[in-house]
Amino acid sequence: MDPARRPHRPRRTLARRAARPHRPGRAAAPRRRQVVTVAAESAASVVQSVDWLAIAPPTIASVVGLLVLVADLFVGDKKKALLGWISVAGLAAAALSLLPILNDDRSTFCLTGGADACSYTADRFTLVIQLLVLGGALLAALLSMTALKDANGTKRELPEGEFWFLLLSSAAGAALLPASRDLATLVVALEVASLPAFALVGLRHGDKRSSEAALKFFLSSVAATAVTLMGVSFVYAATGTLHLTEIATELRTVDGQLDTLAQTGVALTLVGFAFKVAAVPFHFWVPDTYVGAPLPVAAYLSVVGKAVGFTGLVLVTVVAFPSYADVWGPALAVLAALTMTAGNVAALRQQATRAYSAVRLLAWSSVGQAGYLLVPIAAAGYADNPAEAEKAIGSTVAYALMYAAVNLGAFAVAALVGRTQRLNRVSDYRGLYARSPLSALVLGFFLLCLAGLPPGIIGLFAKVTVFSAAVDAGLGWLAVVMAVNVVIALFYYLQWTALLFRAPEGEPVKHRVPAPLTAAIALTAVLGVALSGAPQLVLRFADTGLF
C-alpha cells in the first residue's frame, strides 16, 4: 500500500491503555510488581550509612583546607601567617580525631546486599598510618611556616594561601588512602595525595629548578598512574568487582581464559605503586624533585609520600592479591635489593662540596630506606599463613614510624642550616657544633638512627626487625644484600656525623632559630629519644589488624 494512502491510526494514549480490558493469559500486573520490587531493591542497595567519626581525619583536613583557601581572600598580607597556624591547628585536630576510635574497628560505605565489602575501613592498620601521615604533615607544616616567612622576604615568593590549601589537600588524600578498601577509592585517594604535591614542588615563583622538578615529577607520575589504571581495569575485567576482599576471593577461582589478564593486571598495578615508593627503576625523579622543591615539601614527600605508596602497595598485595603471591613476592624481593643498593651507592658518591649535596644525599638515602621498607612486604609473599604475613607487614609499619620521625628531624636541621647556607652543601655542616651545639647533637643522633647505630637504638631495632622478617621468610640472599647495604650506608652517615664536630672554617656565627622550626626539631628529637629508650613500643604495631 502506498504510504501516502495509508489510513491514519491515532496513538494510544496512556488513558486509553489504562481503560483497555484485561485479557486472560497476560500476566502484566505481576510483571510490573516484579519490576517495582527489583527497582526498590536496587535503590536500597545504593543507600549508604555514613560513619562520620570514622571518616573524621580526612574530612577535617579537607574542610580546613577549603577554609584556608577562602580565608586567604580576606586576610591581608601582614596577617598571612595566621593561615599557617590555622593549618597546623587543623592537622592537629585531624590527628586528635583518631583518639575516639583507637580501640574500635569501624567500616562505612558498605554494600547492603549481604556481601561483607566496604569502601572505607578504620582498623588498627588504618589508624597507625593515618597517625603517621597526619603527624608528618603537621611537622612539615611547622617547617613550612619558617620557609614561607623567609621566602616572602626575597623575590621568589611562595603564595601562602595556595601553599596551605595544597598541603592540606594532599594530607587529606594521604589520610584517606589507608582506609580505602576498593580499588576505585584507592586510586582516587592516591591521586588526591599526589596532584597537590606536583603544585607544591613547582610553587616557587621565578625558580627554574622548581619548575623543572615539578615537570619531571608530574610527567613520570602521570605515566605511573596510567599504568596503574590499566592494571586496575584488567583486574576488574577478570574479577567483576573492585572491593579488595572480593577481588581476593574471585582471583582464586578466576576462569582459566582470564588468568593471563589477571596476572597482567596484578603486575601493572604493582608497577604503578613501585613508582610512588621510588623503587628502582622508577626512582629517577627523586633527587631533582627534592632539590627543586622547597625543603619542607621535600621533607613531606620523603615521609608522607612514601607512606602513601607503601600503604597502597600493602593493600593491593596482601589484601587483594594474596593468591598471586608467587608473582609479587619474588618481584618485590628483587625490587627491594635493587632499590637499597642503588640508593646507598648513589648517596655514597655524593661530593660534599657540590651544591645542594646535603639534600641530594638525603634524597638518595630515602631511596635506600625505601628498599628496606620493601623487604617485609616481599617476605609477606612467602608467608605460609595470614599470621606470618601480618607479622611481616607489622615490621614495615614499625620501620616506617622510625624512619618518619628521624628523617623529618634530619630535614628540619637541614632547613635550619639552609637559612644561612643557601647552597646547602654537606661541607656547610662542618663545625655546626660550634655554631649550634644542640642542632649538631640532634642531627648526629638522627643520622645514627638512620645508620642503625647506638645511641640511635630505634634505628638498630627497626633494621633487626626487617632483617628477621627476611630470614623468617627464607629470603637469606635478600638478608645478605641488606647487610651489605647497611655497611655501605654506615660510611656516608658517619662521615657526615663526624663533619659536624670538626673545627669550623672561620668564625662561627650564631643565628636565632624561629619558634616553628625549633618546635619541629624538638618534637622529632623527643620522639626519637623516647623510641630509642623504649624500642619495644614499636612492637605494638606488629598486629596490623589486616587479617
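At distances below 3.5 Å, not a single donor-acceptor pair connects side-chain atoms of Asp288 with backbone N or O atoms of Ala213. A donor-acceptor contact shorter than 3.5 Å links the side chain of Ser62 to the backbone of Thr59. Here the side chain of Ser302 pairs a donor or acceptor atom with the backbone of Ala299 at under 3.5 angstrom. A donor-acceptor contact shorter than 3.5 Å links the side chain of Ser357 to the backbone of Val426. Under the 3.5 Å distance criterion, the side-chain polar atoms of Lys80 are matched with a main-chain donor or acceptor of Asp72. Remark: the backbone N or O of Val466 is not paired with any side-chain donor or acceptor of Ser395 at under 3.5 angstrom. In this structure a side-chain-to-backbone donor-acceptor pair under 3.5 Å is present from Asn424 to Ala414. When atom types are taken as modelled, the side chain of Arg430 and the backbone of Arg502 share no donor-acceptor pair closer than 3.5 angstrom.
Taking the six-membered ring where the residue is Trp, Tyr120 and Phe109 present perpendicular rings, their angle passing 60° and hence far from 30°.
Between Ser366 and Val286, the closest side-chain pair of non-hydrogen atoms falls below 4.5 Å. Inter-residue side-chain proximity for Leu176 and Ser180 is flagged as met; some heavy-atom pair is nearer than 4.5 Å. Side-chain contact between Leu374 and Phe310 is present, with at least one heavy-atom pair separated by less than 4.5 Å. Side-chain atoms of Pro376 and Tyr399, non-hydrogen and from C-beta on, never get closer than 4.5 Å to each other. Side-chain atoms of Leu142 and Leu523, non-hydrogen and from C-beta on, do get closer than 4.5 Å to each other. Residues Tyr290 and Tyr356 are not in side-chain contact: their nearest non-hydrogen atoms beyond the backbone lie 4.5 Å or more apart. At least one side-chain heavy atom of Met340 sits under 4.5 Å from a side-chain heavy atom of Val375.
The side-chain contact (heavy atoms from CB on, under 4.5 Å) test with Leu432 singles out one residue from Leu499, Leu416, Val417, and that residue is Val417.
Of the inter-residue distances, the one linking Tyr429 atom OH with Ser436 atom OG reads 12.0 Å to the nearest 0.5 angstrom. Interatomic distance, Leu200 CG to Leu166 CG, rounded to the nearest 0.5 Å: 4.5 Å. Distance check: Trp164 CH2 to Leu67 CG gives 15.5 Å after rounding to the nearest 0.5 Å. Atom OG1 in Thr225 sits 7.5 Å away from atom CZ in Phe275 (nearest 0.5 Å). A distance of 8.5 Å separates CG of Leu447 from OG of Ser365, quoted to the nearest 0.5 Å.
For the residue pair Ser144 and Tyr300, no side-chain donor N or O sits within less than 3.5 Å of a side-chain acceptor on the partner. A donor-acceptor pair shorter than 3.5 Å can be found between the side chains of Thr126 and Arg181.
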Could you please spell out the steps behind the side chain to side chain contact (heavy atoms under 4.5 Å, CB included) verdict for Thr311 and Phe125? CA-CA 9 Å; Thr311 302; Phe125 174 79; 3.8 Å; yes
Set out, in order, the CA-CA distance, both residues' side-chain angles and the distance that settles side chain to side chain contact (heavy atoms under 4.5 Å, CB included) for Leu332 and Leu313, then state yes or no. CA-CA 10 Å; Leu332 291 182; Leu313 195 60; 4.2 Å; yes
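The environment of Phe445 atom CZ is dense: over 12 non-hydrogen atoms of other residues, nucleotides or ligands sit within 6.0 angstrom. Counting heavy atoms of neighbouring residues, nucleotides and ligands inside a 6.0 Å radius, atom CZ of Phe491 does not exceed 12 of them. By the 6.0 Å contact criterion, CD on Gln351 is open, its count of non-hydrogen atoms from other residues, nucleotides or ligands being 12 or less.
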